[in-house]
Amino acid sequence: NISAKADKAAAKKPKKVSKYSKRKVDPAFYWMTIPAMILVCIFLYLPFLQGAMYSFTNSQGYGDYKFIGFKNYIAMLQDARVGHAYLFTIFIAIQITLGTNILGMFLAVLLNSKIAFKNGFRAIFFIPYTLSVLVIGYVFKYIFMNPLPELGKALGIKWLSTSLLTNEQLSWIPIVFLAVWQGIAYSVLIYLAGLQTIDDEIYEAAAIDGVNAWQKFWKITFPLIGPFFTINLVLSMKNALGTFDQVVALTEGGPNSSTETVTYLIWKGGLTGGEYAYQTANAVLFFIVLAIIAFVQLRISRSQEQI
């Protein structure tokens, strides 16, 4: 009898139903999502897969071709020019990322403080981001080729007396300078968005406890904008690794191929140098490198946020 009553009670007990089982989805969501997904697949994933396929051929970008396996990848790993392009790209990417984030955070903190014409200053600092990199690059090329060397001569600075663009050891400086000058605007915008989320009462309580400006920044501001720092770090590194327009406008890969980035080498060799399949393999490898760097960045940043 007891077991029978237990069975009846169990039968009467309502079954737990997932919240998703009876949820009705408006068909309009599918009409908006599926066409967009199809377009992304056609214009993004399909060309990527086709390009990856060409990397295993001897294609010149037109005409007939045949599959040659991993010969392009093997030759690329033995190519000193490709190796230098990767090392140079990583080198300037680190410089650009550090410069963009350090200066961007510094300016964001200043622009978030109680100063006059704050909104006007924010607009002024954001203007470089709206300008064409190539157009501004040619302006900076003139500055580095003419006025700056003349200033170096007048001040008696030897390394600045000649154009940095023609110096193999220092030609990276104009590229990094231009990239930081233009990329810092977007970085400031993201950091300002993060600073706006911090309650002023936290700073007021810290001021009562006698916390100085540096402690206020390092112990309060920086930890609270950690997620925004992660976003900025990933975006600025990604943009820096894809440096292209700055090289085209300033150095065109010179002098003596010393400022060739991976993206510039892919464009120059693949589209104008008759190395279509070879540089396609380079593009596939570069995509893998970017994915690994982004993954490592996110893992490190998230682990630091949890500490």
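Note that the coordinates shown come from a computational prediction; the quantities given were computed from them, not determined experimentally.
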> Side chain to side chain contact (heavy atoms under 4.5 Å, CB included), that's the test. Do R122 and N112 meet it? Break it down for me.
CA-CA 9 Å; R122 290 177 181 178; N112 194 55; 4.0 Å; yes
> Assess the residue pair M105 and F217 against the criterion (side chain to side chain contact (heavy atoms under 4.5 Å, CB included)); give the C-alpha distance rounded to whole Å, side-chain angles, the decisive distance to 0.1 Å, and a yes or no.
CA-CA 11 Å; M105 189 178 297; F217 169 78; 3.3 Å; yes
> Distance from L265 atom CG to E275 atom CD, nearest 0.5 Å?
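Nearest 0.5 Å value for the CG-CD distance: 7.0 Å.
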> Can you hop from F228 to I198 via hydrophobic side chains spaced under 4.5 Å?
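Yes; I198 is reachable from F228 via cluster members.
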> Are there over 12 heavy-atom neighbours, none belonging to E252, within less than 6.0 Å of that residue's CD?
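Atom CD in E252 is not crowded, with 12 or fewer foreign heavy atoms closer than 6.0 Å.
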> Is it true that Y129 and I124 fall in one hydrophobic cluster, defined by side-chain heavy atoms closer than 4.5 Å?
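The answer is no; the residues belong to distinct hydrophobic clusters.
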> Looking at CD1 of I175 and OG1 of T251, how far apart are the two atoms once the value is rounded to the nearest 0.5 Å?
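If we round to the nearest 0.5 Å, I175:CD1 and T251:OG1 are 4.0 Å apart.
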> May I ask you to test the F121-L110 pair for a side-chain heavy-atom distance under 4.5 Å?
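No, side chains not in contact.
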> Taking I266's backbone N and O only, do any of them form a donor-acceptor pair with N282's side chain (distance below 3.5 Å, no angle check)?
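Pair absent, no side-chain N/O of N282 close to backbone of I266.
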> What's the shortest heavy-atom distance between N167 and P255, and which atoms?
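Closest heavy-atom pair between N167 and P255: C-CG, 4.0 Å.
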> What pairs with Y191 under ring pair (Phe, Tyr, Trp, His ring centres under 6.0 Å), at least two apart in sequence or on another chain?
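Y191: no ring pair (Phe, Tyr, Trp, His ring centres under 6.0 Å) contacts found.
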> Side chains of Y278 and V82, heavy atoms from C-beta outward: is any pair under 4.5 Å?
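In contact.
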> Side-chain contact, heavy-atom cut-off 4.5 Å: Y203 with V211?
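Answer no - side chains too far apart.
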> Could you check whether any side-chain heavy atom of Q246 comes within less than 4.5 Å of a side-chain heavy atom of V133, counting everything from C-beta outward?
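Side-chain contact under 4.5 Å: yes.
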> Check whether T100 reaches the backbone of V180 with its side chain - one donor and one acceptor, N or O, closer than 3.5 Å.
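No, the answer is negative, given that no donor and acceptor are paired below the 3.5 Å cut-off.
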> More than 12 heavy atoms of other residues, nucleotides or ligands under 6.0 Å from OH of Y30: is that the case?
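Count not over threshold, so no.
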> Can any side-chain N or O of D199 pair as donor or acceptor with the backbone N or O of I202 at less than 3.5 Å?
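It does not hold such a pair.
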> Consider side chain to side chain contact (heavy atoms under 4.5 Å, CB included). Of L160, T162, L165, L164, which one does L170 pass it with?
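Of the listed residues L160, T162, L165, L164, the side chain to side chain contact (heavy atoms under 4.5 Å, CB included) partner of L170 is L164.
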> Distance from K219 atom NZ to W214 atom CH2, nearest 0.5 Å?
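Rounded to the nearest 0.5 Å, the NZ-CH2 separation comes to 10.0 Å.
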> I'd like to know whether I74 forms a side chain to side chain contact (heavy atoms under 4.5 Å, CB included) with Q78, so could you lay out the CA-CA distance, the side-chain angles of the two residues, the decisive distance to 0.1 Å, and finally the verdict.
CA-CA 7 Å; I74 295 172; Q78 298 172 347; 4.0 Å; yes
> Quiz question: by atom type and distance under 3.5 Å, do the side chains of T243 and Y264 form a donor-acceptor pair?
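No.
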> Please check this pair: side chain of N256 against backbone of S258, looking for a donor-acceptor N/O pair closer than 3.5 Å.
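No.
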> Do W181 and L151 land in one hydrophobic cluster if side-chain heavy atoms of ILVMFWY residues count as linked below 4.5 Å?
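Result: yes, single cluster for both.
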> How far apart are the closest heavy atoms of S187 and N101, and which atoms are they?
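In terms of heavy atoms, the two residues are closest at OG-CA, 4.2 Å.
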> Within the supplied structure, the quantity of interest is the number of heavy atoms (other residues, nucleotides, ligands) at a distance under 6.0 Å from Q196 CD; does it exceed 12?
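Enclosed.
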> Going only through I, L, V, M, F, W and Y residues with side-chain contacts under 4.5 Å, is there a path from L77 to L87?
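No, because L77 and L87 fall into different hydrophobic clusters, even though each may have its own neighbours under 4.5 Å.
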> Would the distance check show the side chain of D245 and the main-chain N or O of L134 forming a donor-acceptor pair, the cut-off being under 3.5 Å?
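The answer is no, because no donor-acceptor pair under 3.5 Å joins these two groups.
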> Answer yes or no: is there a side-chain heavy-atom contact under 4.5 Å between F286 and L241?
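The answer is yes; the side chains approach within 4.5 Å.
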> Using the ring of each side chain (for Trp, its six-membered ring), is F88 parallel, tilted or perpendicular to F91, with breaks at 30° and 60°?
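Judged by the thresholds at 30° and 60°, the geometry between F88 and F91 is tilted.
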> Verify, without hydrogens or angle tests, whether Q182 (side chain) and L131 (backbone) share a donor-acceptor contact under 3.5 angstrom.
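Yes; at least one donor-acceptor contact below 3.5 Å.
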> Applying the 4.5 Å side-chain criterion to the ILVMFWY set and letting contacts propagate, would F177 and V139 be lumped into a single cluster?
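No; tracing contacts between hydrophobic side chains, which count when under 4.5 Å, never links both residues.
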> Anything under 3.5 Å between a donor and an acceptor, one on a side chain of residues 31-53, the other on a protein residue two or more places apart or in another chain? List them.
| from | atom 1 | to | atom 2 | distance (Å) |
| --- | --- | --- | --- | --- |
| T33 | OG1 | F29 | O | 2.7 |

> For residues 56-65, run the donor-acceptor check on the side chains, cut-off 3.5 Å, and write out each pair with its distance to 0.1 Å, sequence neighbours left out.
| from | atom 1 | to | atom 2 | distance (Å) |
| --- | --- | --- | --- | --- |
| T57 | OG1 | Y54 | O | 2.7 |
| T57 | OG1 | S59 | N | 3.3 |
| N58 | OD1 | K66 | N | 2.9 |
| S59 | OG | G61 | N | 3.0 |

> Give me the atom names and distance for the closest heavy-atom approach of A85 to T89.
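Looks like O-OG1, 2.6 Å.
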> Tell me, yes or no, whether the heavy-atom count around Y138 atom OH, taken from other residues, nucleotides or ligands under 6.0 Å, exceeds 12.
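More than 12 heavy atoms, drawn from other residues, nucleotides or ligands, come within 6.0 Å of this atom.
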> Which heavy atom in M145 sits nearest to a heavy atom in S163, and how many Å separate them?
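Taking every non-hydrogen atom into account, SD-OG, 3.2 Å.
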> Does K238 have more than 12 heavy atoms from other residues, nucleotides or ligands lying within 6.0 Å of its NZ?
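Open.
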> Going from CH2 on W267 to OG1 on T261, what distance comes out if it is rounded to the nearest 0.5 angstrom?
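The CH2 atom of W267 sits 10.5 Å away from the OG1 atom of T261.
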> Taking the side chain from S257 and the backbone from G253, do they hold a donor-acceptor pair closer than 3.5 Å?
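It does not hold such a pair.
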> Is T97 reaching over with its side chain to a backbone N or O of I94, donor-acceptor style, under 3.5 angstrom?
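No, because the side chain of T97 does not come within donor-acceptor range (under 3.5 Å) of the backbone of I94.
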> Got a second to check how far I184's CD1 is from F126's CZ, nearest 0.5 Å?
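One gets 13.0 Å once the value is rounded to the nearest 0.5 Å.
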> Check whether the side chains of Y186 and N239 place a donor and an acceptor atom closer than 3.5 Å, and report yes or no.
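Side chains of Y186 and N239: no pair found under 3.5 Å.
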> For T259 and G254, indicate whether the former's side chain and the latter's backbone hold a donor-acceptor pair under 3.5 Å.
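The answer is yes, because a donor-acceptor pair under 3.5 Å joins these two groups.
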> Measuring from L178:CG to F144:CZ, what's the distance to the nearest 0.5 Å?
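Here the rounded value is 8.0 Å.
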